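Note that the structure is predicted; figures quoted are calculated from it, not measured. Here, residue 1 is the first one in the sequence, and each next residue gets the next number.
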Amino acid sequence: MSTLLQSSFISSSSISPITPRFARISIRNAARCNNAVVSLNSANGIPYRSTELSVTGSTSIPSFLVAPNTPIHDLVNRNRLRIFSGTANPALAQEIACYMGLDLGKIKIKRFADGEIYVQLQESVRGCDVFLVQPTCPPANENLMELLVMIDACRRASAKNITAVIPYFGYARADRKTQGRESIAAKLVANLITEAGANRVLACDLHSGQSMGYFDIPVDHVYGQPVILDYLASKTICSDDLVVVSPDVGGVARARAFAKKLSDAPLAIVDKRRHGHNVAEVMNLIGDVKGKVAVMVDDMIDTAGTIAKGAALLHQEGAREVYACTTHAVFSPPAIERLSSGLFQEVIITNTIPVSEKNYFPQLTVLSVANLLGETIWRVHDDCSGGIETFSSLGID
């Protein structure tokens, strides 16, 4: 008998997916957050790119964040939590702060005429637990350098702990040598972040698990799957009609885990042969998709060559509808043309990378990972490995 699709995760930004251990947002603070979200939405995810960024807010922790019987030392501990945003994705940083019931720390970031980056913290972080939200998305080199300078500024300001919150980790694909005399840039970037002074890294959906081993500091790896799974469950697709598709052999493990949480759906694999960087050729399909709703799962979409050719093959093999699900929307040209060509019923992404207004198209759905990252930050700050829900249920390694 056909059954409605159900997700094993309960996680979506629109439904307050993660049950906090205590109420963190009061009615007063919720109003402030709602206003902030409206203003962020009006920007359509366009990254802030002026010569100077100044984020203001109070530094005190409201009383409603503390349980009635919280010892005074816990109150002091929470008052030492600071969140700062770089210029790469301030909208996501603001959403994270709203979920946590906090304000973003005051920071001044500007660029000199020759392109050099200047960072000044405009509030004290001495002895504080500092979290820096900065994905290394395009322009990757600028955003990476900005993150390094922010880490150095915090270290020289005597921050107790510095956590680099990197929703999208650039250079993650350069994680091994595929030919002679190549660099392993992922390891190099990990060394740079460590040497700059970071004590911990919080990353979302790394391209490969071994990238965590490149860091000589602790890494908290968060998966965006819970957010996407819960959204798909809300669409009430019949599980008998569903098949999860990996766009390449390298993504089979990710697709298998996704299918298991999605009513244990069957799995199909697209076999491809790559002839060069950002160039892919689909060869054949392993599995049955005829008359089914195909959900293609990947960690990122760059030029969309792989996923678009895979979708074309799925339609040729008789798939009724094709959905594309990914955490990171890099969207390098000509990705938008390929994704909006009619191959996909819907393209589901998260906001780890800001999407500019010109890159929106009718089939695009953007989900927020702010609650997921916000809850992880709380647990890292509290030295907590669980709480009401385990890390595995939140999609955290």
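In this structure, SG on Cys204 lies 12.0 Å from CG on Asp220, to the nearest 0.5 angstrom. Taking CG of Leu372 as the reference point, atom CD of Gln225 lies at 11.0 Å (rounded to 0.5 Å). Going from atom CD1 of Ile228 over to atom OG1 of Thr326 covers 7.0 Å, rounded to the nearest 0.5 Å. Rounding to the nearest 0.5 Å places CG of Asp302 at 10.5 Å from CZ of Phe331. Remark: Leu192 CG to Ile151 CD1 distance equals 9.5 Å, nearest 0.5 Å.
Under the 3.5 Å distance criterion, the side-chain polar atoms of Ser158 are left unmatched by any main-chain donor or acceptor of Arg126. Not a single donor-acceptor pair under 3.5 Å links the side chain of Thr352 to the backbone N or O of Pro167. Between the side chain of Arg155 and the backbone N or O of Ala196 there is at least one donor-acceptor pair closer than 3.5 Å. Between the Arg320 side chain and the Gly291 main chain, a donor and an acceptor come within less than 3.5 Å of each other. Arg82 contributes no side-chain N or O that, together with a main-chain N or O of Cys128, makes up a donor-acceptor pair within less than 3.5 Å. Listed for the Ser368 side chain is a donor-acceptor partner under 3.5 Å among the backbone atoms of Ala370. Judged by distance alone, with hydrogens and angles left aside, the side-chain atoms of Lys160 form no donor-acceptor pair with the main-chain N or O of Asp129 at under 3.5 Å. For the pair Asp175 (side chain) and Ala186 (backbone), a donor-acceptor distance under 3.5 Å is absent. Remark: the backbone N or O of Gly105 is not paired with any side-chain donor or acceptor of Glu123 at under 3.5 angstrom. Remark: the backbone N or O of Ala203 is not paired with any side-chain donor or acceptor of His221 at under 3.5 angstrom.
Heavy atoms only, all atoms of each residue included: Cys137 and Ala88 are closest at SG-CB, 4.2 Å.
Contact check for His328 versus His207: no side-chain heavy atoms found under the 4.5 Å cut-off. Looking at Glu321 and Glu346, their side chains never come closer than 4.5 Å, going by heavy atoms from C-beta outward. Side-chain contact check for Leu285 versus Asp271: every heavy-atom pair is 4.5 Å or farther apart. By the 4.5 Å heavy-atom criterion applied to side chains, Thr163 and Leu132 are not counted as neighbours. With contacts defined as side-chain heavy-atom distances shorter than 4.5 Å, the pair Leu314/Met296 qualifies. Under the 4.5 Å side-chain criterion, counting only non-hydrogen atoms from C-beta, Glu95 is in contact with Asn351. Inter-residue side-chain proximity for Thr327 and Met300 is flagged as unmet; no heavy-atom pair is nearer than 4.5 Å. In this structure the side chain of Glu375 reaches within 4.5 angstrom of the side chain of Tyr99, judged on heavy atoms.
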Residue pair Leu104, Phe84: steps toward the side-chain contact (heavy atoms from CB on, under 4.5 Å) verdict: CA-CA 6 Å; Leu104 289 176; Phe84 293 94; over 6 Å; no
Is there a side chain to side chain donor-acceptor pair (under 3.5 Å) between Ser341 and Glu337? Walk through the geometry before answering. CA-CA 6 Å; Ser341 62; Glu337 290 77 4; over 6 Å; no
Could you go step by step and tell me if Val295 and Val245 meet the side-chain contact (heavy atoms from CB on, under 4.5 Å) rule? CA-CA 6 Å; Val295 179; Val245 181; over 6 Å; no
Would Thr194 and Asn191 satisfy side chain to side chain donor-acceptor pair (under 3.5 Å), going step by step from the backbone distance to the final call? CA-CA 5 Å; Thr194 303; Asn191 287 344; 5.5 Å; no
Does Tyr171 form a side chain to side chain donor-acceptor pair (under 3.5 Å) with Asn141? I'd like the steps, not just the answer. CA-CA 10 Å; Tyr171 289 101; Asn141 297 331; 2.4 Å; yes
Give the intermediate values and the outcome of side-chain contact (heavy atoms from CB on, under 4.5 Å) for residues Ile377 and Leu202. CA-CA 8 Å; Ile377 290 174; Leu202 170 56; 3.9 Å; yes
Step by step, work out the side-chain contact (heavy atoms from CB on, under 4.5 Å) result for Asp205 and Val222. CA-CA 6 Å; Asp205 266 332; Val222 180; over 6 Å; no
Test Ser340 against Gln363 for side chain to side chain donor-acceptor pair (under 3.5 Å), laying out the working first. CA-CA 7 Å; Ser340 59; Gln363 298 91 343; 5.6 Å; no
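In this structure, the side-chain contact (heavy atoms from CB on, under 4.5 Å) partners of Gln120, at least two apart in sequence or on a different chain, are Lys108, Tyr118, Gln122.
Using a 4.0 Å cut-off between charged side-chain N and carboxylate O, Asp298 and Arg254 make a salt bridge. Using a cutoff of 4.0 Å between basic side-chain nitrogens and carboxylate oxygens, Arg111 and Glu146 are scored as salt-bridged.
Note on ring orientation: taking the six-membered ring where Trp is involved, the planes of Phe169 and Phe215 are tilted (angle from 30° to 60°).
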